Amino acid sequence: MVYFANVLAMCHEAYEASLAASGINLKLFFSNLEVAIPIVHASVDFFHPMFCGDQINIYLISNQLTREKFEIAYQIVMAASEQLVAKAISRHVCIDPINRIKKQIPTEMMQWLHQWGETEGEG
């Protein structure tokens, strides 16, 4: 069976893929000296077992919570049947990477939030 933490890692890969699909340069995003966007909360609920080698799809929907915070809801489904096997959430906060003070979500991420948000459809 798939180890629970690996599901969160797969969700993070889906997050990174959505950033890249939106035109965000991942190298610059993760090495940005002006803003960092760490995960401050993550959870996963399982509904059916997952096994190594299973083909899955991960759908994500973003949701802005405040000027500084957003959340991503993930649905993990079996590729062949679209059966829901797990749901996950990651909560992110924008901060200044030097002094760790919260910052407003940058424009580039606001565009990503709108593209991958509930009103725009799933990714």
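These numbers come from a predicted model, not from an experiment.
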For residues L60 and A14, report the shortest heavy-atom separation together with the two atoms involved. CD2-O, 3.6 Å
If hydrophobic clusters are built from ILVMFWY residues whose side chains come within less than 4.5 Å, do L26 and I37 share one? yes
Would you say the side chains of H92 and E71 form a donor-acceptor pair under 3.5 Å? no
Give a yes or no on whether F70 and V40 share a hydrophobic cluster (residues Ile, Leu, Val, Met, Phe, Trp, Tyr; joining criterion: side-chain heavy atoms under 4.5 Å apart). no
Identify the heavy atoms of L8 and A88 that sit nearest to each other, and give their distance. CD2-CB, 4.3 Å
Would you sort out whether V85 and F46 count as a side chain to side chain contact (heavy atoms under 4.5 Å, CB included), showing the intermediate values? CA-CA 6 Å; V85 293; F46 295 93; over 6 Å; no
Spacing of OH belonging to Y74 relative to OG belonging to S62, to within rounding of 0.5 Å: 10.0 Å
Do L113 and I95 sit in the same hydrophobic cluster, where Ile, Leu, Val, Met, Phe, Trp and Tyr count as joined when their side-chain heavy atoms come under 4.5 Å apart? no
May I ask you to decide if F29's main-chain N or O and N32's side chain share a donor-acceptor pair within less than 3.5 Å? no
State plainly whether one hydrophobic cluster holds both I72 and L65, where clusters connect Ile, Leu, Val, Met, Phe, Trp and Tyr through side-chain heavy atoms under 4.5 angstrom apart. no
Please test M109 against Q64 for side chain to side chain contact (heavy atoms under 4.5 Å, CB included), starting from the C-alpha separation and ending with a verdict. CA-CA 10 Å; M109 282 305 291; Q64 184 178 355; over 6 Å; no
Across all chains, not counting sequence neighbours, the ring-ring contact (aromatic ring centres under 6.0 Å, His included) partners of H12 are Y15
Salt bridge (Lys or Arg N to Asp or Glu O under 4.0 Å) partners of residues 100-111, not counting sequence neighbours, each pair once: none
So how far is it from N6 CG to E13 CD, rounded to the nearest 0.5 Å? 9.5 Å
Quick check on the hydrophobic clustering: are F47 and I89 connected, directly or via other members, by side-chain heavy-atom contacts under 4.5 Å? no
Kindly indicate whether the side chain of P106, heavy atoms from C-beta on, has any atom under 4.5 Å from the side chain of C94. yes
Over all atoms of both residues, closest heavy-atom pair of N99 and I101: OD1-N, 3.0 Å
Please name the pair of heavy atoms, one in V2 and one in C52, separated by the smallest distance, quoted to 0.1 Å. CG2-N, 3.9 Å
Mind listing the closest non-hydrogen atom pair of I105 and T66 along with its distance? CD1-O, 3.9 Å
With a 4.5 Å limit on heavy-atom distance, are the side chains of N57 and Q75 in contact? no
Nearest heavy-atom contact between A86 and V44 is CB-CG2, 4.4 Å
Answer yes or no: does atom CD of E82 have more than 12 heavy-atom neighbours from other residues, nucleotides or ligands under 6.0 Å? yes
Does any pair with a residue in residues 17-30 pass side-chain hydrogen bond (donor to acceptor under 3.5 Å, both in side chains), and if so which ones, sequence neighbours excluded? S18-W112, S22-Q115, S22-W116
Crowded around L33 CG? As in, over 12 foreign heavy atoms under 6.0 Å? no
Checking side-chain contact (heavy atoms from CB on, under 4.5 Å) against I76, which of Q83, K87, M50 comes through? M50
